[in-house]
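Let me begin by presenting the structure, written as structure tokens, before commenting on it.
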Amino acid sequence: MIVKQGIAVSPGVAIGQALALGAEEFRIPRRFVRVDAVDTEIERLHTALDNVCKEIARNEELATDRLGQQYGAIFGAHLQMVRDPKLLSEIEELIRKRHFSPEFASSQVLHRYAKELQSLGNKYLAERAADIFDLERSVLRHLLGERREELSQLMTPVIVLAHNLTPSETAALDKKNVLGFATEIGGHTSHTAILAGALEIPAVVGVGQFLADVSGGDMVIIDGDHGEIIIDPDEDCLERYRHTEERSKSVAERLLLLGPQVSETRDGVRIKVMGNIEFPEEAEACKARGADGVGLYRTEFLYLGTNEERTEDDHYQAYRKVIETIGDAPVVIRTLDLGADKVPGSMRQMFSTGDNPELGLRSIRVSLHDQTLFKTQLRAVLRAAVDGDVRIMFPLVSSLIELRQAKMILRDVKEDLEEQGIPFARNTPVGIMVEVPAVALLAEDFAREVDFFSIGTNDLIQYTLAADRSDPVVSKYYNSADPSIIRIVRMVVAAASSRGISVTVCGQMSSDPKFIPLLVGLGLRHLSVTPQAIPEIKEIIRHLTIPQAEEIASRAQQLELARDVETFLRGELNKICPELVK
Ligand code: PEP
Ligand code: MG
């Protein structure tokens with residue numbers, strides 16, 4: 001049993017068989033073979049290895065012809081590995097004695113070799129582990145042949161394990177059959193992590209190297225509450241986790257029943273709790289959990305997981321679907337937040353310059369750069385807004401000029417629609433996300449020019465603390481409990497209230513139960529959270545009074561270190577709703 005610690009990004013426990021991407025790219029269908037089939041299976045292994053050898057020999061010849069002997073020698077080394085009698089006998093032994101399937105046995109043995117190379121403390125040898133993974137891929141390809149499963153159409157439920165999953169790859173996963181996932185890289189609020197929340201599957205990211213420890217078909221537990229993954233758990237551990245799974249299911253079911261109850265503090269102050277969505281289908285999940293609307297619709301996901309262009313009608317249909325589901329409650333449609341880790345295949349060209357994508361062409365900058373794209377979206381939003389309480393929100397604004405340009409384009413779009421006689425909602429409110437410290441500092445000026453603010457703590461934290469939200473190496477510097485973040489949120493709330501506009505927090509901070517008393521105490525009356533978290537956030541609000549929340553906020557602001565703030569907030573939540581402390 002191997003236990004690895006990563007970053008918990010989507011709650012819950014998942015138990016199932018591993019599908020290790022990157023190492024195999026396809027799934028090992030069976031872990032064991034029947035005792036009477038052992039000889040046939042070993043024959044199948046030999047045939048596959050022979051075919052791998054032939055393939056490598058062909059590549060060796062080709063490389064030698066085209067590039068010279070030294071390149072051909074690379075394949076010669078691979079060939080030696082496959083022909084190594086020790087390798088064959090180790091795989092055969094696992095099939096004979098433990099009745100492993102040839103796929104599972106080869107994967108186990110090759111992974112062990114790769115791991116040994118990685119642990120020798122020699123950089124050159126560690127890099128050769130990649131050759132072994134390569135070899136594993138070809139052995140599996142030959143063994144599985146036509147039986148290879150496509151990731152987008154898995155036949156059975158699996159736990160996906162990968163070095164990294166881009167938001168596009170995650171969006172394209174077969175959602176029905178992914179029980180949970182873990183990745184070697186990725187941070188607290190990477191968009192892949194956010195997608196795990198949207199898919200409502202337990203996830204852990206930033207685990208560091210672990211793929212060498214796991215083979216496809218291994219039993220794995222993902223603990224999305226504590227950020228742990230357990231490979232090959234023993235019976236005791238499995239039992240404990242099955243129990244935890246049951247318990248959290250029953251808490252979730254109880255909270256779900258309370259969904260329709262209004263979210264009001266004990267002393268009668270209404271705190272609106274809305275949902276963050278990436279796909280129109282999630283509007284249902286918001287509604288079922290008693291959301292007060294959609295506070296953040298990340299529309300760029302319309303472009304991720306597909307290579308297709310999107311038309312005005314595609315946008316319009318998606319927005320209509322959300323509006324129809326949500327009814328009279330507000331739907332905040334955020335214009336495209338493309339760039340950084342969200343680059344659709346069809347737009348790679350546009351984003352190919354610059355080494356620092358989080359500080360480069362992203363978000364509203366993309367919309368201002370490609371106005372056709374922007375106008376297409378704005379037309380669809382304004383048209384859909386006729387049927388609901390729709391609000392437009394611009395992401396990652398960093399200067400007043402940018403905001404004014406975006407509003408000017410919006411005016412042009414309205415004029416076009418007017419001229420064309422197409423119905424649209426002229427008075428659709430316009431707001432911005434506060435995600436860049438410059439905007440927080442000038443919040444009073446921005447508040448004069450918009451109808452609302454929504455604080456995007458995910459980006460605000462990365463830009464304030466200079467720590468990439470997706471990089472686990474700097475995850476200790478990325479901290480929502482940092483006193484600077486509390487101060488900056490307080491400043492924005494004060495600016496909004498002095499100008500009489502509404503302010504929401506829609507970053508992941510507001511989906512974390514321990515921050516709720518603090519945010520309410522800082523004056524927030526609107527929160528937008530991941531749909532899964534809605535019931536528990538409402539439950540905390542129903543246990544709070546405003547003076548109690550204000551006292552918590554005031555005491556938190558007296559603390560100097562993020563660590564102390566975090567401990568203090570966890571302690572306070574434990575007094576308010578002990579069962580929600582993770
Ligand atoms: C944020 O930055 O807090 C936010 C909500 O936007 P996203 O996570 O999509 O960048
Ligand atoms: Mg953001």
Side-chain angles (χ1 to χ4, degrees), residues 7 9-10 166-168 170-171 186-199 203 205 273-279 282 286 294-305 331-344 357-367 391-398 402 431-440 452-471 478-482 485 488-489 492 503-512 515 519 524 526-533 537:
I7 303 168
V9 291
S10 181
T166 64
S168 295
T170 314
H188 282 105
T189 57
S190 57
H191 287 99
T192 298
I194 288 168
L195 265 181
L199 302 173
V205 303
V273 179
M274 297 171 287
N276 293 347
I277 64 168
E278 288 72 37
F279 307 102
E282 285 177 276
C286 293
V294 167
L296 167 65
Y297 177 7
R298 292 181 164 102
T299 58
E300 59 280 2
F301 280 87
L302 201 58
Y303 289 80
L304 300 172
V331 174
V332 181
I333 301 185
R334 179 175 77 177
T335 59
L336 299 176
D337 186 27
L338 290 165
D341 59 345
K342 292 182 286 194
V343 176
E358 294 291 346
L359 300 179
L361 187 65
R362 79 165 274 218
S363 204
I364 191 70
R365 298 171 185 177
V366 174
S367 297
R391 297 143 196 215
I392 295 178
M393 178 157 76
F394 299 133
L396 211 84
V397 169
S398 58
E402 247 177 350
I432 53 167
M433 297 209 45
V434 180
E435 304 180 278
V436 179
V439 175
F452 63 91
F453 283 156
S454 191
I455 307 177
T457 48
N458 304 339
D459 278 312
L460 189 58
I461 296 167
Q462 83 163 341
Y463 295 126
T464 304
L465 297 174
D468 188 330
R469 60 194 271 190
S470 306
D471 185 352
Y478 183 103
N479 202 326
S480 319
D482 195 273
I485 303 304
I488 214 163
V489 169
V492 178
V503 55
T504 305
V505 170
C506 68
Q508 294 298 102
M509 187 176 177
S510 59
S511 300
D512 183 337
F515 288 112
L519 294 174
L524 283 144
H526 297 86
L527 303 170
S528 191
V529 310
T530 171
Q532 232 179 334
I537 303 299

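Order of listing sets the numbers, starting from 1, for every ligand and every atom in it. None of the values given here were measured: they were computed from a predicted structure.
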Just jot down the ligand 1 atoms closer than 4.0 angstrom to any heavy atom of [X], in number order.
X	value
R298	4 (C), 5 (C), 6 (O), 7 (P), 8 (O), 9 (O)
L296	5 (C)
D337	9 (O), 10 (O)
C506	5 (C)
K342	9 (O)
E435	1 (C), 2 (O), 4 (C), 6 (O)
H191	7 (P), 8 (O), 9 (O), 10 (O)
I194	8 (O)

Nearest heavy-atom pair of [X] and [Y]: which atoms, and what distance?
X	Y	answer
Y463	E435	CD1-O, 3.3 Å
V529	S510	CG1-O, 3.1 Å
E278	A198	OE1-CB, 2.9 Å

Will you find, in the side chains of T530 and N276, an N or O donor that is under 3.5 Å from an N or O acceptor?
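No, no side-chain donor-acceptor pair sits under 3.5 Å.
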
At under 4.0 Å between heavy atoms, which part of I455 makes contact with ligand 1: side chain, backbone, both or neither?
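Answer for I455: neither.
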
I want to verify a count. Protein N, O or S atoms less than 2.8 Å away from the Mg ion (ligand 2), how many are there?
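Near the Mg ion (ligand 2), the number of protein N, O or S atoms below 2.8 Å is 2.
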
Is any side-chain heavy atom of S454 closer than 4.5 Å to a side-chain heavy atom of V505?
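No, every pair of side-chain atoms sits at 4.5 Å or beyond.
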
Do I277 and C286 touch side chain to side chain, with heavy atoms closer than 4.5 Å?
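Contact flag for I277/C286 side chains = yes.
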
I want to confirm something. Looking only at heavy atoms, which of R469, Q462, E300, M433 is nearest to atom 10 (O) of ligand 1?
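Minimum heavy-atom distance to atom 10 (O) of ligand 1 goes to R469.
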
Among N276, D341, N458, which residue places a heavy atom closest to atom 1 (C) of ligand 1?
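Of the listed residues, N458 has the closest heavy atom.
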
For the [atom1] atom of [X] and the [atom2] atom of [Y], what is their distance to the nearest 0.5 Å?
X	Y	atom1	atom2	result
I455	L524	CD1	CG	5.5 Å
I364	S398	CD1	OG	10.0 Å
D471	Y478	CG	OH	12.5 Å

For atom 6 (O) of ligand 1, what is the nearest protein heavy atom, given as residue, atom name and distance?
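For atom 6 (O) of ligand 1, the nearest protein heavy atom is R334 NH1, 2.9 Å.
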
Look at D337 together with K342 and state whether they make a salt bridge at an N to O cut-off of under 4.0 Å.
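A salt bridge is present here (some side-chain N lies under 4.0 Å from a carboxylate O).
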
Which is it for V503 and F452 under the side-chain contact (heavy atoms from CB on, under 4.5 Å) test, yes or no, and what are the steps along the way?
CA-CA 6 Å; V503 55; F452 63 91; over 6 Å; no

Checking side-chain contact (heavy atoms from CB on, under 4.5 Å) for the pair E358/D459: CA distance, chi angles, key distance, verdict?
CA-CA 9 Å; E358 294 291 346; D459 278 312; 4.3 Å; yes

